[in-house]
S.K.: 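Okay, here's the structure, questions in a sec.
Each chain gets a letter, A, B and so on, in the order the sequences are listed, and its residues count up from 1.
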Amino acid sequence: MSQYMQASEDVMQRLRPFGIFFEKSLKGLIRGIRANNDTPDKLDEFLELVLKECREEVASLDMNTKTNAVLKMTYLEMYGYDMSWANFHILEVMSSNKIQQKRVGYLAASQSFYKDTDILMLATNLMRKDLQYMGSNDVVKVGIALSGLSTVITPSLAENVCNDLILMLNSSKPYIRKKSLSALYKVFLEYPEALRDNFDKFTATLDNDDISVVSASVSVICELAKKNPAPFISLSPLLYEILINIENNWIIIRLLKLFTNLSQYEEKLRPKLLPKVLELMGITTATSVMYESINCIVKGDMLEVDDYDTALECLEKLEQFCNSQDPNLRYISCGLFYKIGKINADFISQFSKLIIKLISDVDVSIRSKALELLEGIINEDNIKKIVKELLQQLLRPTEMQVDNMITLSKTVSIIVPESYKIKVINVIIELCSMNNFENIPDFEWYSAVLLDLAILSQDLSDKSLGKNIGVQLKEMMLRVPEMRSNIISTVISIVSDENMDSQLPTILNDSFWILGEYSSLIQNGNDLIGLLLSRADKYPFKTVPILIIAVVKIFSNWCNNNSSDLDSVKQLLEEIILFLEKFSNSSYFETQERAIEILEFLRLCHDSFDDESTEVPVLLSEVLPSLFFSYELTPIRPGTQKKFQSTISVDLETPFLTEKELQDLLNEEENNYEYDGQLEISDDSDDSDVSIAYNTIYKDDISIAEEYESNNNKNNASHQFDDSRSSNPFYLGEEEVTSKTKKDNHLLDVDNSDDNQITSRYDIKTINLLDDKIDDGKKKSKKKKHKIQILADADLFKDSELTESTKSADFSNNSRSKIKSKLASFDFSKDPQANQDDDSVLEELRGKFASQNISTEIKTIQTQGGDDDGEEVIIIKKHKKKSKKRNKKTKPIIEDIGSDM
Amino acid sequence: MIHGVLIFNKKCQPRLRKFYTPVELPKQKLLLEQVYSYISQRNTELQCSFMVAPSSVLSDSRGSVTDDDNIQIIYKNYATLYFAFIVDEQESELVILDLIQTFVEALDRCFTEVSELDLIFNWQTLESVLEEIIQGGMVIETSVAKIVNCVDDLNNASEESESGAGMFGGTAIGNAFQALTNGKFSQWASSQ
């Protein structure tokens, strides 16, 4: 190495007739880069200097100097320096007669010409010239030009050179044949007519005595078939034959890819193709061919939903691959497993053992793939085991010790990226919540898992995890009535964990809501309120409005459920008032709004305490609960809320109270009945505000509308309208008496003292993981004793109405407008068949067409002239390059439109 | 099809950056950095050689995203260098791994004891070998012997046409050709 470096040094010296400074060769440049590589700044400085030199050199009249400069700039592009400004110089170098200079020129052109339409037009003639095969030495020249052509093709160039390239397919040199085939791919993409007109000549290359040519031919057909499979279906018999007879694995795999493309398009091929591919799978010894055979069956849609035999055959092979020592094989096989599972989840259900093994693979990227497979194998019986494994992966330190099968159980540390951990948490949630908690064997366990997840999520950067976990808690709360007291204790442990406030605040919204809505299950609400109030300053400001409502709800339940003495009620009320006063000047509008509304009412309550009475004032005992707990919430399908909105008429005209009523109200302060009337107003308005707070959507006029509306039409609809209308809507169901929601028997069986409560929650947190293992058997039997009721979405509208609207929404999200290549939209069957897929393309092209009024005339002449009128084309081109080019571009489009209409 | 080839070392210094689907320069740089940061934290011995491409990195000249479905980056590590191929779903993963091996073996035939240093100083050789394997994103040759022959033919023709005119590239590639005649370097690639 060093010797020959030395030698080239000497040669190099002789090659610098103009001195080292201005004639830095590529090697000099590279050496310079290495010498100045200490700091980025220094390197930049050096490269700027070099570029400055290049700018001078490239303008030189000496071709060597110019070529040298172009070469250096081509190299420097790798460092991010654009060289398109020198395109004209590059073109000069390209047109040099010296092969070496031409090579440099083409290399540079392939990197920098692609977006410069002017230079591409100039290059067209040069390339045509270079493609002319004149003598033996021209093989090289033509080869260079073909390479260049493959990277800088334009529609007009494509049309100009296609006949030359087709002729080259008969060249005596395999080198030229394979290169022109490969270049033809790009030509066909830009100018599909060439493929239509020369289809037979082109496909004849499949039967060639040179293996490289056959390979290139199959490759090109494969790529073309991906874009537009229709014309190649007729080749299938010939392709089968090659598939069975050829021994070159490169080509076999290419053919399998090609068959995948064809089979996706032509259903009739599938039954014929499947046995051939299975046969190939049976006889081949090459792993890669085996894998691609399965891939072809799966991706080519040859595997029917009920074809268990084929599926099993494929899966058993894949199982072998998944157990292989080669991580590459494991990874791709895992991906195929997933695709087979997607076709029919039953196919993979028996491989749960393998999949569980894969989720603890040495390679995290394989684990990550395997996570997606879990969906297919999860059931009531294995979910605990799987979730436990996943949780343990999250718990273990990032650098973990794993037995490695390859190097004889040597231990290696594995870096588990955060993205994987986030994925694990989301997958656990998804698995557990699938099909309305279908797989959950026992909800106590799930509630403990969620608590663990909440704690684990604290260290991760994706804060939406908190929201996801919160939503799960809320869902369970709503849907599994039997579990409410259990879940609420989980929620209490979450809110009593101080780290949550700062590390995972997104979980708090739903937690607060749960605490408020189901506060009847909490016995020592006063302690909980004390805890929440003491932390209020630390909560994120957007959470406070929800907190305010929750606190009032808890208070409402506590002061009525409890035999606690009046003094403590009054005292707590004072604390809450104090707390609200603090927020009544909040700069966050929502908070201020909520605080003031409640504050005023609570002050009234406070004033109404009668020193003589031993009863809680009626404002607290009757009115306050009626604000919140009139109806029990039941789950509804997403979108239901919207439906209701459209059916509701809102009366914005009638005032809350007539003048007279208002006057009466003010005059007769003593009258309890009137009090109630007034308070009912705040009842409804509060209710609606609460729901808006859940959504954190606030629209001023809507809330006013709601207030009026609910005041005037006290019916279900109004409440339903009021409620949340985002992703997790709840509506107020059938009317129920308030007291019904007070399920005294579900009271928390926790000590009254707040301290005890918190510490006991912490205990739960730490022993969770151990718990499920030990309790496994116990809980299972418990489950069998009574079937837990899970509420499904209530049906308020006919299914079809809803699903339709949601479906269409989904669809519009998915539909992406892709700009298709010309080939994809090219109709090879010359008969007029409507191709609806191309509407967007046609629209676009019509637009172009319309904007080109000027060139229309030329165009019509051109189409009359016919396709093969090559000579005429060139003549026109010389005179009117620009308009000609556009004209040609739009020409196939016109034909398209013609045949489609 | 193959959309691009990246060769870079363990310090993220580029050694070759070739794109068959046009990509804007700043994006090329970004892509290299993304690929590097992903690969460099992996254990190449134990982990697989595939990564899903960062989304919408590849765009064609009209600025639209090419079929971004299933763009994969497949890489292999040889000593201090990473060879990364950016491919779409029409390419078989295992075939690309073989192709990288073929590429390296072909390079090995062109240099003695090929090392990063050889590739640094003979970037043009790197380019010309690759050009004989991939043309416009399509694989045109997979046989090492044929690839090397093609490179030689091209160099010889260049030499002839230069006929001692003293071109820089003539030396670089000429050296490679001389090195080729020594022909004792098959060990390196297989030992990696």
Side-chain angles (χ1 to χ4, degrees), chain A residues 1 4 8 11-12 15 25-27 30 64 68 71 75 77-80 82 98-100 103-104 107 114-115 137 140 143 146-147 150-151 175 178-179 182-183 185-186 212 215-216 219-220 222-223 226 250 253 257 288 291-292 327-328 330-332 362-363 365-366 404 406 412 415 818-819, chain B residues 1 14 16-17 20 22 25-26 28-29 41 43 46-51 61-62 64 67 90 92-95 97-98 112-113 115 117-118 120-121 123-124 127-128 131 135-143 146 150 153-154 157-158 160-162 165-172 175 178-179:
Chain A
M1 161 81 212
Y4 113 81
S8 62
V11 179
M12 197 70 70
L15 294 179
S25 73
L26 188 60
K27 273 204 173 127
I30 294 166
N64 280 349
N68 227 342
L71 183 68
Y75 184 80
E77 209 195 32
M78 196 160 66
Y79 286 83
D82 184 55
K98 293 180 178 169
I99 292 293
Q100 194 58 56
R103 284 177 77 176
V104 173
L107 180 62
Y114 65 92
K115 57 184 173 184
N137 204 23
V140 173
L146 285 171
S147 291
S150 302
T151 50
Y175 182 72
K178 74 180 182 195
K179 284 204 145 208
S182 183
Y185 168 60
K186 297 291 172 93
S212 305
S215 174
S219 295
V220 172
C222 178
E223 293 286 346
K226 173 70 189 168
W250 295 84
I253 290 173
K257 290 277 181 196
S288 52
Y291 166 77
E292 289 301 338
N328 292 327
R330 288 205 303 275
Y331 178 83
I332 52 179
V362 195
D363 183 351
S365 48
I366 293 174
N404 166 25
I406 304 162
V412 287
I415 302 166
K818 254 189 203 170
I819 299 177
Chain B
M1 112 174 208
L16 180 79
R17 210 161 67 180
Y20 301 103
L25 279 180
Q28 291 187 10
K29 197 161 177 247
Q41 48 172 279
N43 179 336
L46 291 171
Q47 294 197 273
C48 65
S49 303
F50 312 112
M51 62 175 279
S61 49
R62 297 173 203 91
S64 70
D67 307 330
Q90 291 302 300
S92 162
E93 293 92 340
L94 298 172
V95 166
L97 285 174
D98 276 354
T112 346
E113 303 275 314
S115 71
L117 210 61
D118 292 320
I120 295 171
F121 283 103
W123 168 77
Q124 205 190 351
E127 287 271 6
S128 59
E131 198 175 296
Q135 176 185 311
M138 310 286 282
V139 179
I140 51 169
E141 193 52 77
T142 52
S143 139
K146 279 193 190 173
C150 293
D153 290 346
L154 200 53
S158 307
E160 276 167 37
S161 100
E162 294 309 320
M167 270 298 298
F168 56 92
T171 57
N175 281 331
Q178 283 161 21

S.K.: Heavy-atom distances under 4.5 Å only: say whether Q135(B) touches chain A with side chain, backbone, both or neither.
M.R.: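 When you check distances to chain A, atoms from both the backbone and side chain of Q135(B) fall under 4.5 Å.
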S.K.: If we define contacts as heavy-atom pairs under 4.5 Å, which of G136(B), G137(B), C150(B) has the most with chain A?
M.R.: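 Among the listed options, the one with the most contacts to chain A is G136(B).
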S.K.: So for K178(A), is it side chain, backbone, both, or neither that comes closer than 4.5 Å to the heavy atoms of chain B?
M.R.: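 It is both, since atoms from each part get that close.
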S.K.: So which of G80(A), S288(A), S182(A) has the biggest tally of heavy-atom pairs under 4.5 Å with chain B?
M.R.: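 The option with the most such pairs is S182(A).
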S.K.: Atom CD1 in I140(B), atom CD in E131(B): separation rounded to 0.5 Å?
M.R.: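 It is 8.0 Å, given to the nearest 0.5 Å.
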S.K.: Are the side chain of R330(A) and the backbone of C48(B) linked by a donor-acceptor contact shorter than 3.5 Å?
M.R.: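 Not at all, since once roles are kept as given, no pair shorter than 3.5 Å links the two residues.
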S.K.: For chain B, which candidate among S147(A), A183(A), S219(A) shows the most heavy-atom pairs at distances under 4.5 Å?
M.R.: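 The answer is S147(A).
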S.K.: Against chain B, label Y175(A) side chain, backbone, both or neither, depending on which of its atoms sit under 4.5 Å from a heavy atom there.
M.R.: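 Y175(A) touches chain B through side-chain heavy atoms alone.
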S.K.: Measure the SG-CD distance between C222(A) and Q90(B) for me, rounded to the nearest 0.5 Å.
M.R.: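 Spacing of SG (C222(A)) from CD (Q90(B)) equals 4.5 Å.
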S.K.: Is any side-chain heavy atom of E141(B) less than 4.5 Å from a side-chain heavy atom of S212(A)?
M.R.: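 Yes, side chains in contact.
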S.K.: OH/Y79(A) to CG/L25(B) distance, rounded to the nearest 0.5 angstrom?
M.R.: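 One gets 14.5 Å once the value is rounded to the nearest 0.5 Å.
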